[in-house]
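In what follows, a single structure is set out as structure tokens and then discussed.
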Amino acid sequence: MLDPKLLRQDLDNVVTQLAARGFTFDRERYEALEQARKTQQVATQDMQAARKTSSKKIGQAKAKGEDVAPLLAEVESLGDQLKQAEQGLSELLAELHDLLAGMPNIPHESVPAGLDEADNVEIKRWGEIPTFEFEPRDHVDLGEQIGGLDFAAGAKLAGSRFAVMSGGIARLHRALAQFMLDVHTQEHGYQETIVPLLVNKKALYGTTQLPKFADDLFHLQGELEYSLIPTAEVPLTNLLQDSIVEASELPVKMTAHSNCFRSEAGSYGRDTRGMIRQHQFEKVELVWAVHPDESWDALETLTRHAEVILEKLELPYRRMALCAGDMGFAATKTFDLEVWLPGQSAYREISSCSNTEAFQARRMQARWRNPATGKPELLHTLNGSGLAVGRTLVAVMENYQRENGEITVPEVLRPYMQNLESVALN
RNA sequence: GGAGAGGUGGCAGAGCGGUUGAAUGCACUGGUCUUGAAAACCAGCAAGGGUUAAUAGCCCUUCGUGGGUUCAAAUCCCACCCUCUCCGCCA
């Protein structure tokens, strides 16, 4: 959520900056609503003040044993008027709030211009693209060849966009998650966290999946209104919901390995082959909550933490700065990491690291106490994948494949696999 | 699932229709004292929002959440949520 004060004070700028990411703001509606709100709020609060004063007088008079009848007559009519005014106000506030809640974050000045992924800017490349003395296969073919990656089984049990892993592939997948967690907790200083995979609406609102993106989620039926998390960013970031963190406790750095569930509504026909886009996948998530002055350094550090995983795995990647129009709703700036997939001869997204500044923190009232003023102020929150485990498995399979279909186990994973040197036929 | 208890400020914990945004303690901040620190003493210290040039004043809201009664609700009524204890069931 943007700062309502910013809209009141600098609407022109907000409108143009949001236009940069392709968002059209209904300015006239906003201005009319805001005008009405102001009038209504001042009037309502005046009436509340009047009622308060009268009630106090009545209390005092009664205590002295005086006759309160005239005072009662005075406030008699106030009740209905006030009720009406309060209702009118709350309707206006709700409408304004809905309007605000639908507005995306303002892109940082360093974000490249552009409306779609064609305008994303490559920041750097790392690693050598591997060459093969044979025609490299994609992970689907590899999985078929050595077994352990079964999409038909996934479809039988659940439907499309599900897979069953088994044997060496499943083990490799588990090793990847363990490895990532160990690096982040032991080398990068994150707090390991295990979080609920089902969350409530308030949490989803806090990280901005709601109200706008309800269709991207799986919602449980039944009297309890749970949804499956699309990313551990939701529970991790919401740990700070309605709290005030001491300055000495910053930065807060948390990591969680979790399953993630996405409906993938609107992506019919995209990435239908293989593990790239599944309804259920695993991810190791990184979340920071920081002093507002430090979020830009934090974004760089966080992104590096994700890159380190790829480098340790010796997977070639590039870092992209997303253009304004390609960024997620809550982000002021996003770096995507794209890993090289020989099966597609292309770089594919494997991590997305964003600074949301106070956008999420404002919604969830995540604050820190500024020792200089003694007052609570909004934190800045960041999140990034470190990394998407399923996609990392794909990258390992395709980059480490041998002609016979076996997968060489990357050096850093071997301690997690009893020093197994390759994954062969299941 | 059954029975009971409870949800109040950063934490603990009073209040149970009327100058209560809320006693008290701890924590925190400033001061006195001290070579310095601690202790002791004194003072300050909730959050959100509105108005405004203002982080100045003034005002509103908030005692789990949502409704209701009343001139007036932390206090009374209803519903829901959560926590704890016991029993049952169960990874």
Side-chain angles (χ1 to χ4, degrees), chain A residues 1-11 30 33-101 194 196-206 220 222-227 235 238-250 252 259 289 292-293 358 360-379:
Chain A
M1 181 104 83
L2 293 173
D3 186 351
K5 284 187 181 143
L6 183 66
L7 262 74
R8 285 180 213 143
Q9 290 166 0
D10 203 7
L11 187 59
Y30 166 77
L33 271 173
E34 171 57 20
Q35 177 78 42
R37 185 230 103 221
K38 188 164 172 171
T39 314
Q40 184 78 358
Q41 185 157 11
V42 170
T44 306
Q45 290 187 354
D46 281 350
M47 288 166 78
Q48 286 172 327
R51 179 191 58 185
K52 211 171 166 179
T53 325
S54 302
S55 292
K56 263 185 189 166
K57 266 196 224 161
I58 293 171
Q60 285 165 356
K62 244 188 170 171
K64 289 186 215 153
E66 294 169 8
D67 179 22
V68 294
L71 287 168
L72 283 175
E74 219 173 273
V75 282
E76 205 176 23
S77 60
L78 202 59
D80 283 345
Q81 280 179 37
L82 212 167
K83 203 165 256 182
Q84 249 180 335
E86 282 175 339
Q87 201 191 328
L89 178 62
S90 78
E91 280 166 16
L92 279 169
L93 287 175
E95 213 174 321
L96 253 178
H97 181 271
D98 287 351
L99 190 65
L100 277 259
I194 294 176
L197 305 183
L198 298 176
V199 293
N200 59 32
K201 288 194 164 157
K202 189 177 180 191
L204 289 163
Y205 172 78
L220 266 63
E223 50 185 312
L224 293 170
E225 298 197 83
Y226 291 130
S227 303
N238 274 286
L239 283 171
L240 296 159
Q241 177 195 100
D242 292 320
S243 64
I244 302 173
V245 181
E246 293 304 323
S248 59
E249 292 169 44
L250 297 178
V252 176
N259 284 283
D293 291 346
Q360 294 178 325
R362 184 170 293 107
R363 287 195 180 202
M364 63 177 79
Q365 285 299 307
R367 293 155 298 167
W368 66 291
R369 193 173 295 281
N370 186 343
T373 60
K375 294 292 172 195
E377 295 174 17
L378 294 174
L379 288 160

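Residue numbers start from 1 in every chain, and the chains themselves are labelled A, B, ... in the order their sequence lines are given, proteins ahead of strands. Just so it is clear, the values below take in all heavy atoms, side chains as well, and ignore hydrogens, waters and symmetry mates.
B/G44 and B/A54 are spaced 23 Å apart, taking the C1' atom of each and rounding to whole Å. Look at the P atom in both B/G13 and B/G17: the space between them is 22 Å, to the nearest Å. For the C1' atoms, the distance from B/U20 to B/U61 is 15 Å, rounded to whole Å. For the P atoms, the distance from B/C63 to B/G10 is 14 Å, rounded to whole Å. With both ends at atom P, the span from B/A46 to B/C11 equals 14 Å, rounded to whole Å. Rounded to whole Å, the C1' atom of B/G7 lies 25 Å from the corresponding atom of B/G18.
The only member of A/S248, A/P292, A/S243, A/P376 that meets side-chain contact (heavy atoms from CB on, under 4.5 Å) when paired with A/W368 is A/P292. Applying side-chain contact (heavy atoms from CB on, under 4.5 Å) to A/Q81 and the options A/M47, A/R51, A/E86 leaves one that passes, A/M47.
In terms of position along RNA chain B, the nucleotide closest to A/A50 lies nearer the 5' end than the nucleotide closest to the other residue of the pair A/A50 and A/K83.
Pairs engaging residues 53-98 of chain A under the ring-ring contact (aromatic ring centres under 6.0 Å, His included) rule: A/H97-A/Y205 [sequence neighbours left out].
In this entry the distance linking NZ of A/K62 with C1' of B/A72 reads 9 Å, nearest Å. The CG-P distance, from A/D242 to B/C82, rounds to 17 Å in whole Å. In this entry the distance linking CD of A/Q241 with P of B/G64 reads 17 Å, nearest Å. Regarding A/E86, its CD atom lies at a distance of 10 Å from the P atom of B/G68, rounded to whole Å.
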Scan nucleotides 47-57 of chain B nucleotide by nucleotide, 5' to 3', and note B when protein non-hydrogen atoms come under 4.0 Å of the base, S if they reach only the sugar-phosphate, - if neither.
SSBSSS-S---
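Remark: A/K202 engages A/D242 in a salt bridge (charged side-chain N to carboxylate O under 4.0 Å, His left out) (not counting sequence neighbours).
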What dot-bracket string describes RNA chain B from 5' to 3', counting Watson-Crick and G-U wobble pairs whose defining distances are under 3.5 Å, with [ ] for crossing pairs and | for pairs to another strand?
((((((((.[[[..)..(.....]]].(((((.......))))).((((((.....)))))).[[[[[..)....]]]]])))))))....
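In this structure, CG on A/L99 lies 10.5 Å from CD on A/E34, to the nearest 0.5 angstrom. Atom CD of A/Q40 sits about 12.0 Å away from atom CG of A/L33, to the nearest 0.5 Å. Distance check, rounded to the nearest 0.5 Å: CG of A/L250 to CZ of A/R369 gives 12.5 Å. Expressed to the nearest 0.5 Å, how far CD of A/Q365 lies from CG of A/L379 amounts to 10.5 Å.
With hydrogens and angles disregarded, no donor-acceptor distance shorter than 3.5 Å links the side chain of A/S55 to the backbone of A/K52. A/R362 places a side-chain N or O within donor-acceptor distance of the main-chain N or O of A/M1, the cut-off being under 3.5 Å.
For the segment residues 87-101 of chain A, no residue has any heavy atom less than 4.0 angstrom from an atom of RNA chain B. Listed by residue number, the members of residues 51-60 of chain A with any heavy atom below 4.0 angstrom from RNA chain B are A/R51, A/K52, A/S55, A/I58, A/G59, A/Q60.
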